[in-house]
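Each remark here refers to the structure printed beneath this line.
To find a chain, count down the sequence lines: A is the first, B the second, and so on, and within it residues start at 1.
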2 protein chains.
Amino acid sequence: MLLTKQRSLILNIVKNMDGHLSADEIYILARNSMPGIALATVYNNLNALYAAGEIGKVKIPDSADLYDRSPILHDHIICSKCKGVKDVRIPDFLGQLKESIGEEIDSYDLTINYTCQKCRKTSC
Amino acid sequence: MLLTKQRSLILNIVKNMDGHLSADEIYILARNSMPGIALATVYNNLNALYAAGEIGKVKIPDSADLYDRSPILHDHIICSKCKGVKDVRIPDFLGQLKESIGEEIDSYDLTINYTCQKCRKTSC
DNA sequence: TTTTAGATTTAGAATTATTCTAAATCTTAT
DNA sequence: ATAAGATTTAGAATAATTCTAAATCTAAAA
């Protein structure tokens, strides 16, 4: 995998962002440093970096995928009102799944819907 | 909620299908009995029946939603090769989630990726 | 240093699932 | 019979992502 200037810019953005951003949001940030960059390049590189295990990716039902600075397996809770995403770690979740299903599991996609503290109080 | 002939046809198809079908597949079946039915009507009714708790819906990442004859909460494993979906029941999964996260959870979306027995043998 | 093969980038078109729109039609209760 | 509201229809619109093909870049070989 070549480390082009587009790719290293995108890696840099993802590694330094806090929270979780979509390809489109990363594209907007990338254009600040490199105005001519194409959206397709952002997608290409996010895919390549994810495939190479450099970054994480979160599938949000009915919404754009989000990218995560950490490639380490963990889970996500998303607020149904404000759509804010938080990382959560469920101890040995994969082990629990395998045990209760009795099949060898490759991977899983999980998003947990809740209402965050702020939204519960202020009704956003 | 009115029970129109379109709606009862669609309910009937879903309740009698085995396995899981997409809106488009249900549309094709519906046209056998009612050739003029619109795809939008199939979507409208699947949404209405799901909202009314009559049927289930499964979100498949990067693919069309599937509908499920049962509205009762359960989980799904999907074969990465043949894309076949099977129901699984993980005992008190919601309880486990709540406990390990320490938040009140509204709902969750989970799909588990595996390779089914057939595909493991025959490489499909 | 030139060549070359392969990887990457770009712009824009294409794809796919689903929702939206607005007009027509149907239902149910009056 | 009528009116209000729900549903249906066809087709346009939307949104996220991938695809295409040509141009450009990179790294390594000659």
Side-chain angles (χ1 to χ4, degrees), chain A residues 1-14 20-68 76 78 80 83 85 109 111, chain B residues 1-14 20-68 76 78 80 83 85 109 111:
Chain A
M1 185 172 66
L2 259 44
L3 192 60
T4 60
K5 52 191 190 313
Q6 288 89 344
R7 184 160 295 162
S8 82
L9 169 61
I10 288 164
L11 181 58
N12 222 49
I13 289 171
V14 174
H20 304 78
L21 298 182
S22 66
D24 205 66
E25 291 166 329
I26 292 165
Y27 170 57
I28 288 166
L29 294 178
R31 279 197 303 187
N32 293 341
S33 323
M34 194 183 283
I37 196 170
L39 179 56
T41 301
V42 174
Y43 274 101
N44 284 345
N45 282 308
L46 289 170
N47 284 339
L49 292 166
Y50 174 66
E54 295 288 333
I55 65 177
K57 184 181 207 170
V58 192
K59 301 220 150 277
I60 307 294
D62 301 319
S63 184
D65 294 350
L66 299 181
Y67 293 86
D68 191 319
H76 299 90
I78 174 167
S80 307
K83 309 297 172 197
V85 173
D109 291 291
T111 49
Chain B
M1 187 173 67
L2 260 43
L3 192 61
T4 61
K5 51 191 190 314
Q6 289 87 345
R7 186 161 295 161
S8 81
L9 170 61
I10 288 164
L11 180 58
N12 221 49
I13 289 171
V14 174
H20 305 77
L21 297 182
S22 66
D24 205 67
E25 290 167 328
I26 293 164
Y27 171 56
I28 288 166
L29 293 179
R31 278 196 304 185
N32 292 341
S33 324
M34 195 183 283
I37 196 170
L39 179 57
T41 301
V42 174
Y43 273 102
N44 286 345
N45 283 308
L46 289 170
N47 284 340
L49 292 166
Y50 174 66
E54 297 287 333
I55 65 175
K57 186 181 204 168
V58 192
K59 301 220 151 280
I60 306 294
D62 302 319
S63 184
D65 295 349
L66 299 182
Y67 294 86
D68 191 318
H76 299 90
I78 174 167
S80 306
K83 310 299 174 194
V85 173
D109 292 291
T111 49

Least distance between heavy atoms, A/Val42 atom then A/Ala23 atom: CG1-O, 3.7 Å
Gap between atoms CE and C1', on A/Met34 and D/dT24 respectively (whole Å): 14 Å
Closest-nucleotide ordering on DNA chain C, the 5'-leading residue of B/Leu39 and B/Thr4: B/Leu39
Stepwise salt bridge (charged side-chain N to carboxylate O under 4.0 Å, His left out) test for B/Lys59 and A/Asp109: CA-CA 10 Å; B/Lys59 301 220 151 280; A/Asp109 291 291; over 6 Å; no
Distance in angstrom units between A/Tyr27 OH and C/dT9 C1', rounded: 13 Å
For A/Leu21 against A/Glu25, the heavy-atom pair lying closest together: CA-OE1, 3.3 Å
Sugar-phosphate only, base, or nothing, as touched by A/Ala40 at under 4.0 Å among non-hydrogen atoms: base
B/Asn47, nearest nucleotide to its side chain (from C/dT8, C/dT19, C/dT10): C/dT19
A/Ile10, A/Asp68, A/Leu49 screened by side-chain contact (heavy atoms from CB on, under 4.5 Å) with A/Ile55, the one that passes: A/Leu49
Residue B/Asn44, side-chain heavy atoms: nucleotide from D/dT26, D/dT7, D/dT9 that is nearest: D/dT9
A/Ala64 side-chain proximity, nearest of C/dA17, D/dT17, C/dA11: D/dT17
d(CG, B/Asn45; C1', C/dT19) in whole Å: 15 Å
Spacing between B/Leu66 atom CG and C/dA17 atom P, to the nearest angstrom: 11 Å
Among C/dT9, C/dT10, C/dT19, the nucleotide that comes nearest once only the side chain of B/Tyr43 is considered: C/dT19
Distance, rounded to the nearest Å, where B/Asp24 contributes CG and C/dT19 contributes C1': 15 Å
Which nucleotide in D/dT17, C/dT10, D/dT9 has an atom nearest any side-chain atom of B/Ala38: D/dT9
Sugar-phosphate only, base, or nothing, as touched by B/Asp62 at under 4.0 Å among non-hydrogen atoms: nothing
From C/dT10, D/dT8, D/dT17, nucleotide with atom closest to B/Gln6 side chain: D/dT8
Length of the line joining A/Arg7:CZ and C/dT10:C1', which is rounded to integer Å: 14 Å
Sugar-phosphate, base or nothing in reach of B/Thr41, heavy atoms under 4.0 Å: base
Nearest-angstrom distance from the residue atom NZ of B/Lys5 to P of C/dC26: 7 Å
Side-chain donor/acceptor of B/Asn12 to backbone N/O of B/Ser8, under 3.5 Å: no
Which residue lies more 5' along DNA chain D, comparing B/Leu2 with A/Lys57 via nearest heavy atoms: B/Leu2
Nearest-Å distance for atom pair CG/P, residues A/Leu49 and C/dT8: 11 Å
